[in-house]
Number of protein chains: 4
Amino acid sequence: MKNSREKILKAAVAVFSRRGFHQAQVEEIAKKAGVGKGTIYLYFPNKAMLFSAAVSEGLEEIMAALQSELQSDVPFTEHFHILIRTSVTLYLKHGDLSKILINELTSGIGPAAMKEIEAVRERFIGFIAGVLEQGSRDGYIKPMDFRLAAAGIVGLMDSLCRFHFQSRGAVDSAQIAETMHAILSNGLLAK
Amino acid sequence: MKNSREKILKAAVAVFSRRGFHQAQVEEIAKKAGVGKGTIYLYFPNKAMLFSAAVSEGLEEIMAALQSELQSDVPFTEHFHILIRTSVTLYLKHGDLSKILINELTSGIGPAAMKEIEAVRERFIGFIAGVLEQGSRDGYIKPMDFRLAAAGIVGLMDSLCRFHFQSRGAVDSAQIAETMHAILSNGLLAK
Amino acid sequence: MKNSREKILKAAVAVFSRRGFHQAQVEEIAKKAGVGKGTIYLYFPNKAMLFSAAVSEGLEEIMAALQSELQSDVPFTEHFHILIRTSVTLYLKHGDLSKILINELTSGIGPAAMKEIEAVRERFIGFIAGVLEQGSRDGYIKPMDFRLAAAGIVGLMDSLCRFHFQSRGAVDSAQIAETMHAILSNGLLAK
Amino acid sequence: MKNSREKILKAAVAVFSRRGFHQAQVEEIAKKAGVGKGTIYLYFPNKAMLFSAAVSEGLEEIMAALQSELQSDVPFTEHFHILIRTSVTLYLKHGDLSKILINELTSGIGPAAMKEIEAVRERFIGFIAGVLEQGSRDGYIKPMDFRLAAAGIVGLMDSLCRFHFQSRGAVDSAQIAETMHAILSNGLLAK
DNA sequence: CATGAATGAGCTTTCATTCAT
DNA sequence: AATGAATGAAAGCTCATTCAT
């Protein structure tokens with residue numbers, strides 16, 4: 001049996017993503033985690049901090065997974081494709097998280113937790129910008145404002161993934177990855 | 001002096017976008033609109049419906065503005081560029097709205113209002129998909145899943161605009177339009 | 001067309017009896033009376049006073065009708081019977097009123113209106129006590145505390161009439177009058 | 001120290017009877033019970049249900065007390081007298097309750113709670129009707145519509161007890177019991 | 001470490017009342 | 001005399017947080 005902190009975090013991600021920050025009730029998280037309400041306050045100072053911890057640790061996992069993917073040694077063009085596919089897969093798998101990350105950023109979470117979350121988002125965007133920059137140094141990516149582009153990519157991915165969730169299976173992971181790849185590699189214009 | 005309904009809607013957009021749906025207080029909206037709290041309930045049945053009305057009517061304006069832009073008769077390549085620039089400008093100008101549109105979609109607004117908002121988002125995505133499809137018929141845009149692409153474009157724009165708002169002026173409207181244009185026309189890959 | 005004051009009073013009786021004092025809304029009364037909300041405040045200082053006026057004037061009518069009945073000159077035993085039948089009929093006809101009179105006496109109407117209503121009830125009880133006293137002087141009614149008995153009679157009638165309203169026709173006016181007459185003339189005990 | 005539920009119910013009976021359903025404030029009940037406002041909602045889903053619980057449980061007590069009185073084995077005539085005296089005593093003792101039971105039946109309490117209360121009143125009337133029916137079988141009570149008569153008795157008692165409360169001591173318990181007994185045993189008519 | 005009964009600040013919403021027309 | 005748009009006090013209810021056990 002995992003320890004309480006883990007169980008709480010896992011339950012928190014699930015509940016927050018389903019309901020959003022304000023609609024989520026601490027009690028439901030406690031119940032889902034199989035602990036008492038009070039126990040949550042043993043590990044997290046308040047709801048907002050629990051929220052940012054949930055987001056933070058989840059995203060950290062995604063980044064670690066992507067990072068390890070980056071180690072492999074294949075030609076860039078293929079690498080680029082794989083990277084996108086992996087991102088989409090991870091993003092959809094951690095769908096809960098992504099919904100949170102996108103939807104709750106201005107929902108009045110309180111300044112402290114807010115800062116935490118923006119920092120996480122920053123780190124995520126920075127991570128992607130880093131990948132782009134490396135690709136650029138190796139001559140595969142056009143020079144550009146990498147952070148801006150990275151922010152755009154995150155938004156693109158979010159939006160496509162939301163489409164997936166809302167389409168209830170009509171649009172699958174592969175289609176999303178292909179659309180992303182198509183747009184990001186060559187744009188929309190016919191040659 | 002504008003009529004009350006207008007004043008309330010305007011104030012609502014401002015407050016909702018700053019605070020998010022749940023954090024926004026009806027009282028603050030009333031104060032900002034310069035009307036009594038009760039007056040709001042004369043025009044809107046409840047907070048959620050006020051919210052969806054605010055989003056809805058704002059977005060309608062944006063679409064109308066874009067629509068009129070589309071009438072002009074210039075070569076497509078240039079048109080494409082202009083369209084993106086106009087979109088970004090409008091989006092930034094109605095920044096309040098865009099933040100709402102993106103951030104509040106799952107925040108537990110109540111089913112009725114929720115449906116309204118999703119419908120608006122749908123309409124917006126559909127509108128963009130229509131533009132892409134027309135471009136494709138004329139041979140300027142690659143064939144693809146236009147609705148998916150449109151969803152992606154909205155996400156891309158959102159994310160870049162948010163970057164603008166958070167950078168507090170470090171990234172300007174032109175840069176965002178250029179980045180969008182660069183990505184959407186040719187993608188990220190160096191040739 | 002009756003004048004506004006009349007129309008308002010009539011509508012007030014109808015609405016108050018259907019909904020009770022607190023549930024009744026001034027707007028509904030105005031609508032039913034076919035006047036503007038503001039007009040009501042031209043004739044009555046506030047909701048509570050409108051309420052007590054409605055009760056008061058209605059009860060006054062009942063008493064007037066009973067009074068005229070009392071003038072007739074028939075043997076007391078028959079008179080007693082007729083009186084009860086007439087009372088029940090009137091009470092049921094003015095059912096709205098009776099419900100109000102019974103149900104709203106402690107509902108927190110505000111001290112001023114409250115006093116008015118209690119005064120009306122007093123007057124009604126006094127009226128019946130007077131009838132009993134006269135009957136006693138004529139040797140038809142046992143000596144007793146007439147006001148107390150009158151209060152009891154009003155309660156008895158109320159309760160039976162409510163039974164009528166709730167039974168939705170299963171118990172008719174005649175049955176109620178007979179039961180009242182049976183109890184009041186000889187009591188419940190078998191000889 | 002009694003448990004919270006008990007304390008709340010007791011306070012509720014007191015406050016509801018003094019103010020009536022609508023005028024009664026949950027906060028005042030909480031204060032009187034010596035608990036926090038929220039605690040009330042731990043035990044009762046809403047104000048209306050608290051109300052019906054208060055009425056219900058109080059009346060149940062009265063019926064239990066009367067029931068035990070009925071077990072005793074004395075001649076019926078005396079029994080009848082005793083029963084009325086006991087009823088009046090109980091009714092006056094639980095005066096709060098009786099006021100509620102009579103006054104609030106149409107005050108717009110909400111359908112669910114309303115039904116509960118009507119059911120309680122039904123049960124009470126049914127209980128008395130049962131007593132009458134038994135007396136009739138034993139030959140002491142005239143045959144009649146027992147439920148109708150029972151409803152009348154409740155109304156009679158109510159009204160007399162209200163008289164007691166309003167007379168501020170001028171009319172005592174014994175007088176009321178005697179008046180009831182006089183009316184119910186032999187009626188008002190002189191022989 | 002763990003709990004959940006208890007709390008009360010804070011929210012939305014209603015509706016009697018006013019007053020400019 | 002008549003109106004009804006506007007008001008804001010007032011109240012029920014929720015839920016994050018605490019703390020005695």
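In what follows, chains are A, B, ... by sequence order, proteins preceding strands, each numbered from 1. Just so it is clear, the model here is predicted, and its values are computed rather than measured.
Here the range on DNA chain E touched by chain C, meaning any atom under 4.0 Å from one of its heavy atoms, is E/dC15 to E/dT18.
A heavy-atom distance below 4.0 Å to DNA chain F is reached by these residues of residues 26-36 of chain C, ordered by number: C/V35, C/G36.
Checking A/K37 against B/A48, the closest nucleotide of DNA chain E that is more toward the 5' end is the one next to A/K37. For the pair D/N46 and B/T39, both in contact range of DNA chain F, the more 5′-proximal nearest nucleotide belongs to B/T39. Both D/I40 and B/P45 lie close to DNA chain E; mapped to their nearest nucleotides by heavy-atom distance, the more 5′-ward contact belongs to D/I40.
A heavy-atom distance below 4.5 Å is not found between the side chains of A/Q23 and A/R18.
Here the nucleotide nearest the side chain of D/Q25, chosen from F/dG12, F/dC15, F/dA1, is F/dG12.
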If you write DNA chain F from 5' to 3' in dot-bracket form, with Watson-Crick or G-U pairs under 3.5 Å, [ ] for crossing pairs and | for pairs with another strand, what do you get?
.||||||||||||||||||||
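Looking at heavy-atom distances under 4.0 Å, A/Y43 makes contact with sugar-phosphate atoms alone, never a base. Counting any heavy atom pair closer than 4.0 Å across all strands shown, A/A24 reaches sugar-phosphate atoms only and no base atom. Using a 4.0 Å heavy-atom criterion, one finds that B/K47 contacts the sugar-phosphate atoms exclusively.
Put simply, the side chain of D/S17 gets close to the backbone of D/V13: a donor and an acceptor are under 3.5 Å apart.
The only option from D/V35, D/L9, D/I40 that meets the side-chain contact (heavy atoms from CB on, under 4.5 Å) definition with D/I29 turns out to be D/I40.
Between F/dA2 and C/Y41, no contact under 4.0 Å exists linking OP1 or OP2 to a side-chain N or O.
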